[in-house]
Amino acid sequence: LLFILLGVAFLKHFIRFPIISLAVLGGIIFISYKIKIPKFAIFLFVVALVLRLITIFIFKTPIQSDYAVMYDMANDLVNGNWSAVSESVYMTRYGYQMGYTMLMYVLMLIVKGPLLIKIINCIFSAGIVVFIYLIAKEFTSEKSARVVSICYMIFPFPLLFNTVLSNQHISSFMFLLAIWLLVAKKTESMNEKLKYTLIGLTLAIGNIIRPEAIVIITSILIFILLTCKKETLKKCVINLAIMFIAYFGITTVASLGFQYSGISPNGLKNTETLYKFAAGFNQDRMGDYSRKLNDTYFNLSDKEKKDLVYNCTIGSIGKLPELFMHKLQHFWLDSDIGWSLSYLHGKTITIFGHKFSADIIINLAHNINQLFIYVFFTLAAVAIWINRRKMNNKQFLLLIILLVYTGVYLLIECTPRYAYTAQIFMFIMSAYAIEYLIEKKNNKQKENVENKNNKENKKEEIEIKEEKIPVKK
């Protein structure tokens, strides 16, 4: 039902497809399909990294929003002003941001300023491209995996997002590593206790950087419980227990470490858990961030906060279908290039001695980004549809992840930027549709060759028969 709603939202934008850009993307997919490169994963990583490094040196995106707050706190730590961090209202409320703040602090001890942080993000972002290839290859053919990984490598949103000091690159890399450990053929021979320990460890590291692991953990839990056979139930439960112990062990130790060191009074805890729900059900901004709500919410008592959330949810139940419809469209189909390029609005840039309005670049990047979103959302939906009755376990895991992401962001604050990790799994899922199209094309070619051979054989048989028929005088 969720994907039917997504399809309806998508149809509202279908007429905006730029035909020329669609043809160009088709050409890119065709080249990706035909290209033959040895040691493709290494090639992919190098090219992806170079593109990302070029991007961060071309676009000088200002540090903004929460990232600016965390960056300033990391600067305070570098300058020895630890009390400015530990006594800040921001860190008291949102202790879960401490992990990424400390990482920036460590990197800034090596090189002052944001450059090294951006370079590290570029490395992990390039690693994400490689994991898309590796995971997709586990599910589909080599060629399909190459197509989706190359397309994601040049997908404008994550490419340009490297200019932002986001914590989403590193955390998403860790989540993909966990999924790869779970599904890869190379890890099948690994000791299962070690495997699930590593899965829990990578999820914990990703969550310390950005608290989003709950989506992946929930998906893995649902997947294992639904696919586990009766005779292996005990082993499945033990593996899950090992994963949870490793995950909660690492996150708890990190949280207590920050708390007892005095740097974060609440460790990695979120003391304002209701706020995300208040924002997610806010009708004025249709679930997106609202400065007005932010200013109002934090001046309320605890009881008033609960009443606010109740009024937005149960108290406004008649308005929820429209809200959910908007959030589905906003999360899956809207672009968020503005995080990287909005600072260029109204400015003039010089390229090879010629002056251009920067708005042209912004609009072009936005339109190309929307095209990628529409095409790969469609391919992912097609992949789900064509395999709905014969879905293998690995594709079923991808479907669960996409559905859990959808469900989570129906309930909390939702903005297109939050789709960063979900879009990665959308691209991987789309490999199934590309594989299906490749097989249809190959089968059609094979059928045409067979028909041609059959016609030639029949023609030869007729000619032979005609030669054998005696001629009557």
Side-chain angles (χ1 to χ4, degrees), residues 1-11 13-14 17 19 21-37 40-41 44 129-155 176 179-180 182-185 219 223 226-227 332-333 371-403 405-406 422-451:
L1 288 175
L2 288 171
F3 275 93
I4 290 172
L5 288 173
L6 291 173
V8 173
F10 166 71
L11 287 174
H13 294 267
F14 185 78
F17 265 22
I19 302 302
S21 298
L22 189 60
V24 172
L25 179 58
I28 293 169
I29 292 174
F30 178 77
I31 293 170
S32 304
Y33 171 68
K34 289 293 185 179
I35 196 169
K36 293 180 180 179
I37 299 174
F40 183 76
L44 194 66
V129 177
V130 175
F131 268 120
I132 289 174
Y133 163 70
L134 294 175
I135 295 173
K137 194 169 67 167
E138 295 292 333
F139 304 160
T140 59
S141 67
E142 170 79 18
K143 288 185 176 180
S144 301
R146 290 187 177 197
V147 169
V148 294
S149 58
I150 288 177
C151 287
Y152 186 84
M153 179 176 68
I154 58 173
F155 180 27
L176 285 174
I179 295 299
W180 181 80
L182 183 65
V183 303
K185 293 183 181 69
S219 300
F223 168 72
L226 291 180
T227 58
W332 286 109
L333 297 174
L371 175 67
F372 271 76
I373 291 172
Y374 294 156
V375 168
F376 284 93
F377 171 81
T378 304
L379 288 172
V382 168
I384 293 167
W385 177 256
I386 61 179
N387 290 308
R388 65 193 184 280
R389 293 176 182 170
K390 53 177 182 178
M391 193 174 289
N392 61 46
N393 282 352
K394 293 176 180 179
Q395 189 185 11
F396 185 48
L397 173 60
L398 286 180
L399 176 60
I400 291 171
I401 292 172
L402 292 173
L403 290 175
Y405 262 109
T406 303
Q423 286 174 342
I424 295 170
F425 292 103
M426 180 182 77
F427 268 75
I428 298 172
M429 176 66 84
S430 70
Y432 280 99
I434 293 170
E435 177 76 3
Y436 174 78
L437 295 173
I438 290 172
E439 287 180 357
K440 292 284 282 186
K441 174 179 173 291
N442 290 340
N443 290 339
K444 188 68 176 175
Q445 287 179 340
K446 187 177 178 181
E447 186 180 326
N448 290 339
V449 171
E450 288 177 352
N451 289 339

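Only this structure's heavy atoms are used, side chains among them; waters, hydrogens and symmetry mates stay out. Nothing here was measured: the structure is a model prediction, and the numbers come from that model. Positions are given from 1 along the sequence.
Among V148, I132, L134, the single residue meeting the side-chain contact (heavy atoms from CB on, under 4.5 Å) criterion with I428 is I132.
Using a 4.5 Å cut-off on side-chain heavy atoms (C-beta onward), F131 and I424 make no contact. Residues I135 and F139 are in side-chain contact: their nearest non-hydrogen atoms beyond the backbone lie under 4.5 Å apart. A heavy-atom distance below 4.5 Å is found between the side chains of N392 and Y432.
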Worked verdict on W180 versus L176 for side-chain contact (heavy atoms from CB on, under 4.5 Å): CA-CA 6 Å; W180 181 80; L176 285 174; over 6 Å; no
Criterion side-chain contact (heavy atoms from CB on, under 4.5 Å) on I373 and Q423, from CA distance to verdict: CA-CA 8 Å; I373 291 172; Q423 286 174 342; 4.1 Å; yes
CA sep, side-chain torsions, deciding dist, call: N387, L399, side-chain contact (heavy atoms from CB on, under 4.5 Å): CA-CA 11 Å; N387 290 308; L399 176 60; over 6 Å; no
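Side-chain atoms of T140 do not come within 3.5 Å of backbone N or O of K137 as any donor-acceptor pair. In this structure a side-chain-to-backbone donor-acceptor pair under 3.5 Å is present from Q395 to A383.
Rounded to the nearest 0.5 Å, atoms CG (L402) and CE (M426) are 8.5 Å apart. Rounded to the nearest 0.5 angstrom, L182 CG and E138 CD are separated by 11.0 Å. Atom OG1 of T406 is separated from atom CD1 of I401 by 11.5 Å, given to the nearest 0.5 angstrom. Residue L437 holds its CG atom at 7.0 Å from CD1 of I386, rounded to the nearest 0.5 Å. Between atom CZ of residue F425 and atom CD1 of residue I179 there is a gap of 5.0 Å, rounded to the nearest 0.5 Å. Note that the CE atom of M429 and the CD1 atom of I384 stand 4.5 Å from one another [nearest 0.5 Å].
Using a 30° and 60° split on the angle between ring planes, F396 and F223 fall in the tilted class, from 30° to 60°. A parallel orientation is assigned to the rings of F155 and F372, their planes being inclined by less than 30° (bins at 30° and 60°). Ring-plane geometry between W332 and F377 is classed as tilted, the angle between the planes lying from 30 to 60 degrees on a 0 to 90 degree scale.
More than 12 heavy atoms of other residues, nucleotides or ligands sit less than 6.0 Å from atom CZ of F40.
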